[in-house]
Amino acid sequence: MATKKKTRNTKIAKGTKAAKSTKSAQRKTAPRKAASRRTTARAVVQPPNHPTTQPPKQSAKYIPQEFESKWFQKWTADELYQTTPADERPKAYILDFFPYPSGDGLSVGHCRNYVPTDVMSRYYRMRGYNVLHPMGWDAFGLPAENAAIKAKTNPAKLIADYSANYKRQFALLGISFDWSREINSSQPNYYRWTQWIFLQLYKAWYDPRVNAARPIAELEKELAEQGTRAIPSVVSADALTAEQWRALSAKERNAFLMNFRLAYRKAAQVNWCPSCKTVLANEEVSEGKCWRCGSVAEKKTLMQWFFRITAYADRLVADLDTIDWPEHIKLMQRNWIGRSEGAEVQFPVISDQLSANSSPITDNSITVFTTRPDTLWGATFMVLAPEHPLVEKLTTAECRAQVEAYVAQAKRETEAERAAVEKEKTGVFIGAYATNPVNGARIPIWVADYVMMGYGTGAIMAVPAHDERDFAFALKFGLPILPVIERTDPSTGSGLAKSFALGGTMRDGFADALRAEGIPFEEKQGSLYITIPPAKMTRYVEIAQQFVQPGEWNEVVGARWLFIFGPNDVETFGGMESEKRILARCHALEPDVRGKRTVMEMLYAVEFYHDALFHAEYGAMINSDEFSGTPGNVAVHRVTQWLQQTGKGTRQVNYKLRDWGISRQRYWGTPIPIIHTDRGEVPVDEKDLPVKLPDVESYEPSATGESPLATIPKFVNVTLPDGTPGRRETDTMGTFACSSWYFMRFADPHNDDAAFDPKQVAYWLPVDTYVGGAEHAVMHLLYARFWTKVLHDLGYVPFVEPFTRLRNQGMILAPEEKDGKREKMSKSKGNVITPDEVVKEYGADALRAYEMFISDFEQATPWSTQGLGGTWRWLRRVWDLLLAPSDRPAADATTERADRDLRRAIHKANRKVSADIEGFRFNTVVSAMMEFTNVITDAQSQVSDAAFEEARHTLLLLLAPIAPFMAEEIWARKGRKYSVHQQKWPQFDAMLAADEMMTLPIMVNGKVRDRVELPVGVSEIEVKDAALRTQNVQKHLAGKTPAQVIYVPGRMVSIVVR
RNA sequence: GCCGUGGUGGCGGAAUAGGAAUACGCGAAGGUCUCAAAAACCUUUGCCCUUCACUGGGCGUGUGGGUUCGACUCCCUCCCACGGCACCA
């Protein structure tokens, strides 16, 4: 560090001398001690009688407000950023997330992604790429509709105003969007094709045999020929023979096909406000109440449209491995899809319980899904979700009243209440029993709200010893808990076993005997807390038998489960019978435990045991008949295989992912192109698209829960070409539909004959770089991936992933207050900073540079007006430097060396700036530019005219993507041919960037003690020699001979002395 | 609770691949210019000790440990902040 600074000081000192010795009168008047890059630059810029070629109106000073808007107008007029159609150049598609234009406009926080993607686009244009960098509006949706209702206007008008404002702000920032490709998802020429894609989904089904979507017509053909025989059951459709299919009416066939279509209709619940008589979005319900009127939100069941995204779950998981996305986003998608492998197992209901019911059902059984078939032997009860249809069927007469009350209460609870944190477990026994199919155990059936109808089969086998929720439930209701998986001690990797010897239960000398055997324990208040090493287990059991007092017992828990009552009187806890036996004996011996209903409840009273009683590890199986001893890593697999072979269960994959609901009972969205008739749904003919949203005055919600469109007869009532009367579907699509394909439309935005020209899409797509906030990590990105795969399967696009590279920008927070608290920018807190105010004061280029410089692109960070001032001052120094006159001294020996150094800096800067723009390291792009500026300034009075010009030329070109306005203005003032943005990116030469000398730090025993400067490429022996000779190293060696000298080529020398 | 991300000067942050910690910028202090101020520019700026000075030394990347000639970087423990999910069988 010190050396480095000294070096620079030396250079500056030399520079000053050189400056003074030159002829410039101005420089002679410079302060004697000036010696600075900055004074020098400034002194050169403002000579009183410097001959200037500039028109009088131009300021010599950097005043961005004088020229920024002028240049943007010219760029627009010249169509400088219009994308050219597909050609032979390499393409770069750089895209920002589709924004909803909000009435509040952009803040400096929103610019965090628009500026860097613009820099990148400008960079790739200069690199000779054909760049697509478009912008459009995600214009449909709730915010616009609500704002319009409030303002008593049409949302289309609001969107027009808001997007115009966004466009103005983008212009202010110099963002180089190709506005000729602007799209608006709420215009018929766009949503016509959203409807078209809906129809493609409606007319397709997912064939698991080929793992792809296929036309539904092919399914109909197959059904007519051979029924459902060859179709694996992926949907909840009944099996059908060809004859049965052919016998169905058109309406019945339609209903049957709904089980297969990728766009289908089913009953689903919505939030309903009984007072506003309207459907509420999740966002409009807070704490179970309507956010407008505060009444309690209810559930209402409506027929709604869904996309069958679950069919693609496996592909959506698998293809994540092929794309360059942040790992945490991929992880969030994997978790969201929530693929889990397990088994479905049938638990027969014990029929004698049913005989009491009026309709005895002989083949009744409860199907459960489990990810842990290896724990089946520990299933000691079952739980049904309150909504489960078998609750009604199986509840016995004695329990009916209680069960019905419980179910009614559970249904009243909102989802939020039911999922409340640390909620006390509740549930009711329904009076019926089932048989555990693996061991024939008779186990009770309960109903409880911690089981959800929406996941798995809505019923579970409860394995309380190895599932936390089941454990809590069993403890509360006194249900038996049987360990069936061995506990491993995480710290040793072997079995964890514990014993608690209560004071007075063991004879004297027990502790000494343990000590003699080397079994560790702690003694507190006369009781022993023993942790038994696996190797000593047998010995421990022998010792305990000898020392246990008559009428007392000692137990072992964890890896083994033993109750030691006396010599040769040891009970193993390992099944329902032993549970009963042990409990009876303990109750008999000890009045204090008589209140305990299960062995585990008794043990749970000892806190020392807690970590050994319950665990969810994949350990070796115990207490599981012939499977006991099966190692943990193969247990699930082996049991699943056995279940399949014996017909007790089947291997099953389950997902958390639900199908994508798109129905919105709203006006402002894409109408769903379906007509309802007596013979079922009929899709609107593709040539009749778009189904236009009627332009109406009032679109307040209907009182029935239907969309406002339902109140417009002119829209609703239609007659099909064959004269059949029909009713249009009145739901509109949620906006995720619009944003699931817009990136394709940008490739061919004005096509009226198709959603896009496949050739254009094949050229531009997939998107090379996609940038937006992490809040869309799951939904939007998953849906867009899904649509892309469907369109691929149906032959419309040649790729399966839409976004090759994804990056998320970090949030820009409000400037830090004195208390150091970090806050988001928000209108309500009044701490929003707009680009408008920043551009007005500092100009767009300073804003752009600061947006890049502020921090790592993905990291959240507070805005700082002082930091912004720093980048502004840098730009001003660049301005002065680039517009300074060129009158360097003639070349001589000194300049030759300085020229070489400067040229090296030029190529190093080029390399760094290029690599960092491509790698999303925008903050170091700016710091590298600042350093390059400093180097040129420092060197300017020592180098030749040619080298100085080369450096300044490169600086200007590297600056063009970052500060486009200033670069263009300087380019013009220098009299160069318009435009700087159409220039080639400067050439990089690795040879010229290579260093001649290297400074190597020398470590002695891990501490830097000295440094040597050597030419690059000297031999290892020379380096070591030089290192050992340096003064401070000699001092630290203190006459000793080094034991080891390590040379890391070009990096450092490390000397070890003992 | 689980999952994810992060923790480096007074502040924003940098550090390619295990090899010079704190680049670049802000702020601060002192100075130059000025009648003065602002602006601009110069110098210093992790902490501590030592030296008139040159210098030399110790500590230092949330905590504690480990691996290594060498750790911001790799491994283990713990703490804190932020984001997301939450009875998912």
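The chains referred to below are lettered A, B, ... by the order of the sequence lines, with proteins before strands, and numbering in each begins at 1. Just the heavy atoms: all of them, side chains too, but no hydrogens, waters or symmetry mates, feed the values below.
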Just checking R1009(A): base, sugar-phosphate only, or nothing, at a heavy-atom cut-off of under 4.0 Å? sugar-phosphate

Taking CG from N1032(A) and P from rG56(B), how many angstroms apart are they, rounded to a whole number? 6 Å

Using the C1' atom in both, what is the distance from rG60(B) to rC54(B), to the nearest Å? 25 Å

If the P atom of rG6(B) is compared with that of rG62(B), how far apart are they to the nearest Å? 13 Å

How many whole angstroms separate atom CG of D1010(A) from atom P of rA20(B)? 16 Å

Quick check: are there more than 12 heavy atoms from other residues, nucleotides or ligands sitting under 6.0 Å from CE of M998(A)? yes

Distances under 3.5 Å between protein N/O atoms and the N/O atoms of nucleotides 64-72 of chain B, please, pair by pair.
residue	atom	partner	partner atom	Å
rC69(B)	O2	S1054(A)	OG	2.6

Protein-nucleotide distance (M930(A), atom CE; rG12(B), atom C1'), rounded to Å: 12 Å

Base, sugar-phosphate or nothing for R921(A)? Non-hydrogen atoms, less than 4.0 Å. nothing

Watson-Crick or G-U wobble mate for rC33(B), both contacts under 3.5 Å: none

If I take atom CZ in residue F614(A) and atom P in nucleotide rA89(B), what distance separates them, rounded to the nearest angstrom? 13 Å

So what does D856(A) hit on the nucleic acid, given a heavy-atom distance under 4.0 Å: a base, only sugar-phosphate, or nothing? sugar-phosphate

Select base, sugar-phosphate, or nothing to describe what H466(A) touches, counting heavy atoms under 4.0 Å on all strands. nothing

How long is the line joining CZ of F853(A) and P of rC11(B), in whole Å? 16 Å

Contacts of Y655(A) that satisfy ring-ring contact (aromatic ring centres under 6.0 Å, His included) - sequence neighbours left out: none

How far, in whole Å, is rA23(B) from rU32(B) if one measures between their C1' atoms? 28 Å

Taking only the P atom of each, what is the distance from rC59(B) to rC2(B) in whole angstrom? 38 Å

Starting at the 5' end of RNA chain B, which residue's closest nucleotide do you reach first, T370(A) or K1035(A)? K1035(A)

Value in whole Å for how far the C1' atom of rU8(B) lies from CD of Q859(A): 13 Å

Quantified in whole Å, what is the P atom distance between nucleotide rG12(B) and nucleotide rG27(B)? 15 Å

Is the distance from OP1 or OP2 of rC41(B) to the nearest side-chain N or O of R873(A) less than 4.0 Å? no

Would you kindly give the CG-to-C1' distance between L881(A) and rC41(B), to the nearest whole Å? 15 Å

Using the closest heavy atom to pick a nucleotide of RNA chain B for each, name whichever of S864(A) or T457(A) lands nearer the 5' end. S864(A)

So, does N113(A) use its side chain to make a donor-acceptor pair with the main chain of Q809(A) at under 3.5 Å? no

Side-chain atoms of I854(A) come closest, of rG12(B), rA89(B), rU5(B), to rG12(B)

Does R372(A) make a cation-pi contact with Y618(A), if we ask for NZ or CZ under 6.0 Å from the ring centre and within 45° of the axis? yes

When the P atoms of rG18(B) and rC88(B) are considered, how many whole Å apart are they? 39 Å

Taking any heavy-atom pair under 4.0 Å as a contact, classify D467(A): base, sugar-phosphate, or nothing. nothing

In terms of relative ring orientation, are Y842(A) and W872(A) parallel, tilted or perpendicular, with 30° and 60° separating the classes? perpendicular

Quantified in whole Å, what is the C1' atom distance between nucleotide rG7(B) and nucleotide rC72(B)? 11 Å

Quick test of your reading of the model: are E327(A) and K330(A) salt-bridged, counting only N-O distances below 4.0 Å? yes

I'd like the C1' distance from rC82(B) over to rC87(B), given in whole Å. 25 Å

What class does the angle between the rings of Y850(A) and W863(A) fall in, given that below 30° is parallel, 30 to 60° is tilted and above 60° is perpendicular? perpendicular

rG1(B), OP1 or OP2 - any side-chain N/O from R469(A) closer than 4.0 Å? no

R334(A) has an atom CZ; how far is it from atom C1' of rC3(B), in whole Å? 13 Å

Parallel, tilted or perpendicular for F922(A) and F920(A), by the 30°/60° rule? perpendicular

Between rA20(B) and R1051(A), counting only base atoms on the nucleotide and side-chain atoms on the residue, is there a donor-acceptor pair under 3.5 Å? no

Check side-chain hydrogen bond (donor to acceptor under 3.5 Å, both in side chains) between K912(A) and all other residues, then give those that pass, not counting sequence neighbours. D916(A)

Across the strands shown, which category fits A928(A) at heavy-atom distances under 4.0 angstrom: base, sugar-phosphate, nothing? nothing

